[in-house]
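Residue numbers start from 1 in every chain, and the chains themselves are labelled A, B, ... in the order their sequence lines are given, proteins ahead of strands.
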There are 2 protein chains.
Amino acid sequence: MRALLVVAHGSRRAASNEEVKVLTDQLHSQILSSSQSNFDFVRCAFLELADPSIPDGLQDCVNQGVDEVIVLPYFLSAGRHVTQDIPDIVQQFEQSTPSVAIKITPYLGTASGLPDIMLALAK
Amino acid sequence: MRALLVVAHGSRRAASNEEVKVLTDQLHSQILSSSQSNFDFVRCAFLELADPSIPDGLQDCVNQGVDEVIVLPYFLSAGRHVTQDIPDIVQQFEQSTPSVAIKITPYLGTASGLPDIMLALAK
């Protein structure tokens, strides 16, 4: 089994965290309705200020029986959180739970489709 | 003439601001090569910590002869910056420069294409 874990920064503003959860649910519905999806489910986690934490999100995936988790950093730029904090937390989890393979994708800001969705938004 | 102004938060990390500039150049090339584009050019501006500021970015558009600017908030969630700070700055500029019409699009985090580009990134 394979899970996608969307990792956002987390905010003191509950509505911002809720937005990430809604997007995660959207992604989850999308993979369930697609015959081509490589994922069994989608969850989200937060680096700080909101729950679940990244380790808790990863553990939840493991509890569901996945052997591979793809972590997608929901960030627009490659600051310290993306280059260091998230990889560090993931590596620590991997060391304590070697039964699961975890890969981190490039962060959202590098997505090749960004210009297209921005132009669509601006129309 | 009509311009698209991508407004990002701005960072102390020069590389993050540079990423926004590269994306802006990408968008600019894309509108130039599209026969369906509604824009004559694309610029970026920053709410804080980087140049140009939003008023400077808007003024640059005005100096180029545009009569309409579409401001696209390059933000993932609707915090105070999106709901208050950017609209306030834009409104102030509009009052001092009534020759230009400025519209603010929904922020990036609301783009309907986000789930698709995230799934593409995770593949």
Interface residues of residues 48-74 of chain B facing chain A - heavy atom cut-off under 4.5 Å =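 Residues of residues 48-74 of chain B touching chain A at under 4.5 Å: B:Ile70, B:Leu72, B:Tyr74.
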
key: chain A-proximal positions within residues 2-12 of chain B [heavy-atom distance under 4.5 Å]   =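 Listed by number: B:Arg2, B:Leu4, B:Val6.
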
message = Quick check for you: among B:Leu76, B:Leu119, B:Leu27, B:Ile117, which has the greatest number of heavy-atom pairs under 4.5 Å with chain A?
response =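 Winner by heavy-atom pair count: B:Leu76.
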
task = For chain A, find which of B:Ser16, B:Ser37, B:Ala78 contributes the most heavy-atom pairs closer than 4.5 angstrom.
result =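 Looking at each of B:Ser16, B:Ser37, B:Ala78 in turn, B:Ala78 comes out on top.
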
request  = With a 4.5 angstrom heavy-atom cut-off, could you sort out which part of A:Tyr107 is near chain B: side chain, backbone, both or neither?
outcome  =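 Its backbone and side chain both get close to chain B.
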
query = What part of A:Leu23 is in contact with chain B, defined as an atom under 4.5 angstrom from a non-hydrogen atom: side chain, backbone, both or neither?
reply =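 When you check distances to chain B, only side chain atoms of A:Leu23 fall under 4.5 Å.
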
ask   = How long is the span from the CD atom in A:Gln26 to the OG atom in B:Ser112, to the nearest 0.5 Å?
value =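 Reported to 0.5 Å precision, the distance equals 9.0 Å.
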
request  = Determine the minimum heavy-atom distance between B:Thr105 and A:Ala122, stating which atoms define it.
outcome  =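 In terms of heavy atoms, the two residues are closest at CG2-CA, 3.9 Å.
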
ask   = Can you name the nearest heavy-atom pair linking A:Ser77 to B:Glu19, along with the distance?
value =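 A:Ser77 and B:Glu19 have their closest heavy atoms at CB-OE2, 3.3 Å.
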
What part of [X] gets closer than 4.5 Å to chain A, counting heavy atoms only: side chain, backbone, both or neither?
X        : answer
B:Asn17  : neither
B:Ala15  : neither
B:Leu121 : both

ask   = What option among A:Gly113, A:Ala120, A:Pro115 has the most heavy-atom pairs under 4.5 Å with chain B?
value =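 Among A:Gly113, A:Ala120, A:Pro115, the one with the most close pairs to chain B is A:Pro115.
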
